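Fair warning: this is a prediction, and the values are worked out from it, not measured in the lab.
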Amino acid sequence: MSITPRVSSPAQLSLQTTNPAAGIVHIAVAGEIDLNNTGELRAQLFHALRTRRPHHIAVDLAGVRFIDCGGLAVLILLSQAALSSGCCLEFTDPPAFLLRMLKETGTLSILTVHPTGPPT
């Protein structure tokens, strides 16, 4: 298992990538996702998709305190990129405010989201 911590600003956003098994990537996102760091978020998520070529990515959103429309766009772009590369992508444990945002914007219908973690 490898761990790659990435921090764009300790007070704003942190990303921790692990490989719990071959072909599986887990990315824990914590902090605030806004205009100041969506580029870093996008770069790290797409880097994991391109270089590790996983068949499954789980993005844990439990630690997200804020997300703006730019952050939401990154999640959609990653979902589309994963789909086109044959990778199963899921977002897990979104906070209540983020789940509400996904529902209200219609995004919940195009992303694979597990409100209480991945299915067992």
So Leu72 and Leu102, side-chain contact (heavy atoms from CB on, under 4.5 Å) or not? Walk me through it. CA-CA 8 Å; Leu72 186 57; Leu102 295 173; 3.4 Å; yes
Apply side-chain contact (heavy atoms from CB on, under 4.5 Å) to the pair Asp60 and Ile27, showing each step before the final yes or no. CA-CA 6 Å; Asp60 182 349; Ile27 302 170; over 6 Å; no
Hey, are the side chains of Pro94 and Val64 touching, using non-hydrogen atoms and a 4.5 Å cut-off? no
Residue pair Leu89, Val59: steps toward the side-chain contact (heavy atoms from CB on, under 4.5 Å) verdict: CA-CA 8 Å; Leu89 173 74; Val59 180; 3.9 Å; yes
Quick one: are Phe66 and Asp34 in side-chain contact, heavy atoms under 4.5 Å? yes
If we only count heavy atoms from C-beta on, is the Thr38 to Ile33 side-chain gap below 4.5 Å? yes
His26 and Gln16 side chains, donor-acceptor separation under 3.5 Å: no
Got Leu13 and Val29 here, is their nearest side-chain heavy-atom distance under 4.5 Å? yes
Does the cation-pi check pass for Arg42 over Phe46, that is, NZ or CZ under 6.0 Å from the six-membered ring centre and within 45° of its axis? yes
Taking C-beta and beyond as the side chain, do Leu45 and Val74 meet within less than 4.5 Å on heavy atoms? yes
Yes or no on side-chain contact (heavy atoms from CB on, under 4.5 Å) for Val113 and Glu90, after CA distance, side-chain angles and deciding distance? CA-CA 6 Å; Val113 178; Glu90 64 183 357; over 6 Å; no
Distance (rounded to the nearest 0.5 Å) between Glu104 CD and Phe97 CZ: 12.0 Å
